[in-house]
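First up is the structure itself, then whatever we jot down about it.
Just follow the structure's listing: the first ligand is 1, and inside any ligand the first atom is 1. All values below come from the heavy atoms of this structure, side chains included, with hydrogens, waters and symmetry mates left out.
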Amino acid sequence: MALSTLSRDLIPGWAKIDLQLHQPFRGWFGFRRLRCDWCGERWGRHSCPMRESAARQFVYTASSAQQEAALVSGDITEADLQLRRSQPTGHRRKPSPHPRHSRRSASFTALPLEWSHV
Ligand SMILES: [Zn+2]
């Protein structure tokens, strides 16, 4: 609740977990047809959609030291680091509606804090 509890580790837990879970599945059915071992999605240039969003979140929030450590351990790749740069261009815009937008009742809980203080 408190805003002062900003730790140095800003990476959300789900992003770390997704990066670990979603790995390419190298099956016996050919080299080019990689799939995600966890969710079964097609493994593209930036992995599966779930891992891509996790990697993007990671790149945004991780410190440079954390990114370096993740690179060494293989949790993220060089291609994942490119995600940060490729986003602001807005070239590939998908018309995907975000259900979270309509559920913005979170601002309600933040209000009373200041009021009770005065
Ligand atoms: Zn996946």
Side-chain angles (χ1 to χ4, degrees):
M1 286 287 160
L3 292 168
S4 54
T5 53
L6 275 177
S7 64
R8 270 193 298 163
D9 192 1
L10 296 170
I11 310 164
W14 63 264
K16 287 188 207 168
I17 293 167
D18 274 359
L19 281 174
Q20 301 272 332
L21 288 180
H22 297 266
Q23 300 289 337
F25 177 71
R26 289 168 212 277
W28 358 261
F29 39 78
F31 312 110
R32 296 180 122 202
R33 296 188 127 203
L34 284 177
R35 280 185 179 273
C36 177
D37 192 24
W38 186 255
C39 63
E41 290 288 332
R42 246 246 209 81
W43 199 264
R45 199 166 17 132
H46 289 298
S47 60
C48 72
M50 294 272 285
R51 191 189 169 280
E52 180 179 338
S53 63
R56 180 172 282 138
Q57 189 68 34
F58 181 90
V59 173
Y60 269 116
T61 51
S63 66
S64 53
Q66 285 171 318
Q67 288 183 22
E68 215 167 290
L71 265 178
V72 171
S73 67
D75 283 344
I76 63 168
T77 64
E78 293 281 355
D80 293 332
L81 294 178
Q82 307 287 322
L83 288 170
R84 184 176 201 170
R85 286 172 212 157
S86 62
Q87 208 192 25
T89 58
H91 246 265
R92 289 193 283 158
R93 266 204 159 173
K94 283 189 208 161
S96 57
H98 270 260
R100 275 191 206 157
H101 269 257
S102 53
R103 287 164 149 239
R104 275 276 168 155
S105 55
S107 53
F108 244 100
T109 54
L111 255 177
L113 259 178
E114 291 200 358
W115 284 61
S116 60
H117 198 65
V118 178

Please list, in chain and residue-number order, the protein N/O/S atoms closer than 2.8 Å to the Zn ion (ligand 1).
H22 ND1, C36 SG, C39 SG, C48 SG
Could you give the distance from CG (D18) to SG (C39), rounded to the nearest 0.5 Å?
8.5 Å
Sorted by chain and number, sequence neighbours left out, side chain to side chain donor-acceptor pair (under 3.5 Å) with D80 holds for R51, T77
Contact check, side chains of M50 and C36, non-hydrogen atoms, under 4.5 Å
no
Write down the atom of H46, the atom of E52, and the distance for their closest heavy-atom approach.
O-CB, 3.4 Å
For P49, all residues meeting side-chain contact (heavy atoms from CB on, under 4.5 Å), sequence neighbours excluded
E41
Could you give the side-chain donor-acceptor pairs of residues 65-75 under 3.5 Å, partners two or more places apart or in another chain?
{"unit_1": "Q66", "atom_1": "OE1", "unit_2": "S63", "atom_2": "N", "d": "2.9"}
{"unit_1": "Q66", "atom_1": "OE1", "unit_2": "S63", "atom_2": "OG", "d": "3.2"}
{"unit_1": "Q66", "atom_1": "NE2", "unit_2": "D9", "atom_2": "OD1", "d": "3.3"}
{"unit_1": "Q67", "atom_1": "NE2", "unit_2": "V59", "atom_2": "O", "d": "3.1"}
{"unit_1": "Q67", "atom_1": "NE2", "unit_2": "A62", "atom_2": "O", "d": "3.4"}
{"unit_1": "S73", "atom_1": "OG", "unit_2": "A69", "atom_2": "O", "d": "3.3"}
{"unit_1": "S73", "atom_1": "OG", "unit_2": "A70", "atom_2": "O", "d": "3.2"}
{"unit_1": "D75", "atom_1": "OD1", "unit_2": "Q20", "atom_2": "NE2", "d": "3.2"}
{"unit_1": "D75", "atom_1": "OD2", "unit_2": "Q20", "atom_2": "NE2", "d": "2.8"}

